[in-house]
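A note on names: the letters A, B, ... follow the listed sequences, proteins ahead of strands, and every chain is numbered from 1. Quantities reported herein were computed from a predicted structural model and do not represent experimental measurements.
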2 protein chains.
Amino acid sequence: MTTSVRPPTKLSGQTREEDVMAIETPRHQPTLDEVAARAGVSRSAASRVINNAPHVSRAKREAVQRAVLDLGYVPNPTARALATNQVGAVVLAVSGDNPAMFAEPFFGQVIVGVNAVLEQTDLELMLVLATSSRGQAKLEQVLRNRQADGVMLMSLHGDDPLAGLADRSHLPVVFGGRPLTFEPKYYVDADNRGGARLATEHLIDTGRTRIATITGSLDEGAGAARYRGYQEALAIAGLGPERMEPGDFTEESGERAMTRLLERCPDLDSVFIASDTMAVGALRVLRDHGRTVPGDVAVVGFNDLAGARHTDPPLTTVHQPVEALGQEMGRMLLALMAGNDPSPLILPTRLVKRQSA
Amino acid sequence: MTTSVRPPTKLSGQTREEDVMAIETPRHQPTLDEVAARAGVSRSAASRVINNAPHVSRAKREAVQRAVLDLGYVPNPTARALATNQVGAVVLAVSGDNPAMFAEPFFGQVIVGVNAVLEQTDLELMLVLATSSRGQAKLEQVLRNRQADGVMLMSLHGDDPLAGLADRSHLPVVFGGRPLTFEPKYYVDADNRGGARLATEHLIDTGRTRIATITGSLDEGAGAARYRGYQEALAIAGLGPERMEPGDFTEESGERAMTRLLERCPDLDSVFIASDTMAVGALRVLRDHGRTVPGDVAVVGFNDLAGARHTDPPLTTVHQPVEALGQEMGRMLLALMAGNDPSPLILPTRLVKRQSA
DNA sequence: TTGAAAGCGCTAACAT
DNA sequence: ATGTTAGCGCTTTCAA
């Protein structure tokens, strides 16, 4: 009945504090001193046991362990952080101009991967959506204040300020994907260029000769790499001229680009599209223009989204191991934090053949 | 060239420490004592200014402010946390048996919403995927150790242990969605029951009389609520008997359920399906069985996923404001942490009419 | 209004 | 092997 300033957060107010005088009264987190007292040893001894450092007699070690168990002691991470200057957390920062972009399933998959490896450790995961200037400022705070022991950076655009931020922090940094303007020392990337080549070569192998492309944002690493893969495949096969129309990974841009492509190069017999999302838009435009797929025009997408199986016709596309990407980012960061010097990683992509090409 | 134990994390090793003797030498984070010294005041005075507490003369206040600016002082959050027992972070925990589930766009959207409101504050966002027992243990750690000042809990199943965990932590907790077994004091939910009624009533209004349903997991709040909405609409219209077949929100379960439904109730003229994902599977089964949509069978889904627009035919479905859900969860948690007593919230859903019904 | 001093809970250097 | 002693950087009594 008392109205306290602190929010009343019990879900079910069934037990009052006084009711329980039993052994289990976990209101108070025991401290290291209490453990030491209970075990009849000095605090440093207790500390040594807890961080299993050497120089502790077997007897004392066991006494401390018992006390820890009895008291249910858990070291206070904040105090430890203050003393060691290590906080026990890493941050995953996602760049981008549009916050909503983060809602794409891609990031969720990456997080699942990252989480899978972090789960094996005692590190916590902080998430920063550095999509607004406010978001960037927050990341800056986190890095400056060392609220994290390591950083993962994703989907940087052009000359993204985040790279500089992370660099200045002198924290271990791993990049997810390579920015355009420089090659980070530590990164995990999907083989976008190779995947695009695979896709284009598949078009070539199935007899197409007038192969167009709709690119993603060319100021992003992935967009540029996929475009280069297309160009390479064409060059190797001696199949110019290239027919390209830029998009920005959105469905609408896929529609617009396909429309323009149809105007500019009515003779095209196939198109490699740098994302499934754009491909969905492009398929609709093709249908509206009376072109059959894959009869008149073969289409290959990129990403292998869940929906790619259900387009009409089902989309042939390039699969990239997104969850593995997250896992490897996590592993690489752990390696870095352990003082190792891991190699950058490029994960293979593969073609998933369905009906559209 | 020196190989240190600490990972070398500079991206571009262009400047050596000695090179810069200029004003900008931000290697060392200034401490409060340094600010105080620079301003010629005591540490407590400086502290008061920084936390804009009263009892500081105008002169000193300004001196401190100048020193802060000069030195680029930022309080150390860890030290502050140790002293105040408030860490400046909140945790978003997602329950569920399958980690991969988190990859669904739903959670990304929620996070975008949560982030939008957290961005206005100095709070950091921690993410815990409590999908494995290890994940649950981590959440337990975080709560026990007070590594967060507040908790948001999502998609709890049946009698999820997370609820108890959060309760015992005595931290402010808000639920995203309502668990089945109890009604939390603070929650934000979408109007699942209302949405299901809307959907079913639409079927009724367009002349359907033999209306079936494919439910989601009935041990989840959303699944159960949508089923109840269907039942209510039928009851109000006097349109029994109900034709229901349980699913679990996955596409495969949608296929299976639709197949069984067609066997059990070959006369059905419409079906309300508790998720778009299941609806995709069901549409395929209907097509395979030669039933036209919406001619023979009208179909309404739930969620309004991005893909719902592109099914064949485009799916009529119930839209829920997912990003707003995240925002309101964030707001509610802030209110709780500020010592207020916010009301639980149910966000409206609405029917999006496309071609399938 | 002001400053001194005592913590917060832990780690680590040092002496024994 | 063990304990003592300083911190880590901040907040917060308390006395002046």
Side-chain angles (χ1 to χ4, degrees), chain A residues 5 26-65 67-68 71-89 122 141-142 144-147 149, chain B residues 5-6 27-65 67-68 71-89 122 141-142 144-147 149:
Chain A
V5 185
R27 289 259 35 172
H28 167 73
Q29 280 292 353
T31 73
L32 184 52
D33 297 77
E34 287 165 12
V35 171
R38 170 99 169 208
V41 305
S42 72
R43 183 171 63 234
S44 11
S47 175
R48 284 183 187 115
V49 172
I50 277 145
N51 301 305
N52 43 51
H55 306 305
V56 200
S57 72
R58 197 185 150 77
K60 284 201 198 296
R61 169 156 267 133
E62 280 168 357
V64 171
Q65 281 162 346
V68 165
L71 265 33
Y73 171 77
V74 182
N76 176 326
T78 307
R80 185 176 268 183
L82 184 60
T84 60
N85 200 27
Q86 301 248 89
V87 297
D122 279 321
Q141 287 293 313
V142 169
R144 258 197 100 173
N145 294 325
R146 277 206 135 57
Q147 288 178 266
D149 301 322
Chain B
V5 185
R6 278 292 164 199
R27 288 258 36 173
H28 166 75
Q29 279 292 353
T31 72
L32 185 52
D33 299 75
E34 286 164 13
V35 170
R38 170 96 167 210
V41 304
S42 73
R43 181 168 67 232
S44 8
S47 174
R48 286 184 186 114
V49 172
I50 278 147
N51 301 306
N52 43 52
H55 305 304
V56 198
S57 72
R58 195 185 151 78
K60 284 202 197 295
R61 168 155 268 131
E62 280 167 358
V64 171
Q65 280 162 346
V68 165
L71 265 33
Y73 170 78
V74 181
N76 177 326
T78 307
R80 185 175 268 185
L82 184 59
T84 59
N85 198 28
Q86 300 248 88
V87 296
D122 279 319
Q141 287 293 313
V142 168
R144 261 199 95 169
N145 295 325
R146 277 206 136 57
Q147 289 180 265
D149 301 323

Which nucleotide in the list C:dG9, D:dT2, C:dT2 gets nearest to the side chain of B:Leu82? C:dG9
For the pair made of CZ in A:Arg80 and C1' in C:dG9, what is the distance, rounded to whole Å? 11 Å
Across the strands shown, which category fits B:Pro54 at heavy-atom distances under 4.0 angstrom: base, sugar-phosphate, nothing? nothing
Side chains of B:Val41 and B:Arg48 in contact at under 4.5 Å (non-hydrogen atoms): no
Tell me which of A:His55 and A:Ala79 sits closer to the 5' end of DNA chain D, going by the nucleotide each one is nearest to. A:His55
Please round to 10 degrees the angle between the axis of the first five pairs and the axis of the last five pairs in the helix from C:dT1-D:dA16 to C:dT16-D:dA1. 40°
Check whether any side-chain N or O of A:Thr84 sits under 3.5 Å from a backbone N or O of A:Arg80 as a donor-acceptor pair, and report yes or no. yes
Distances under 3.5 Å between protein N/O atoms and the N/O atoms of nucleotides 12-16 of chain C, please, pair by pair.
none

Regarding the side chain of B:Tyr73, the nearest nucleotide among D:dT4, C:dG9, D:dC10 is D:dC10
For atom CD of B:Glu34 and atom C1' of D:dC8, their distance in whole Å: 13 Å
Any donor-acceptor pair under 3.5 Å linking the side chain of A:Asn145 with the backbone of B:Asn76? no
Does CG belonging to B:Asp33 count more than 12 external heavy atoms closer than 6.0 Å? yes
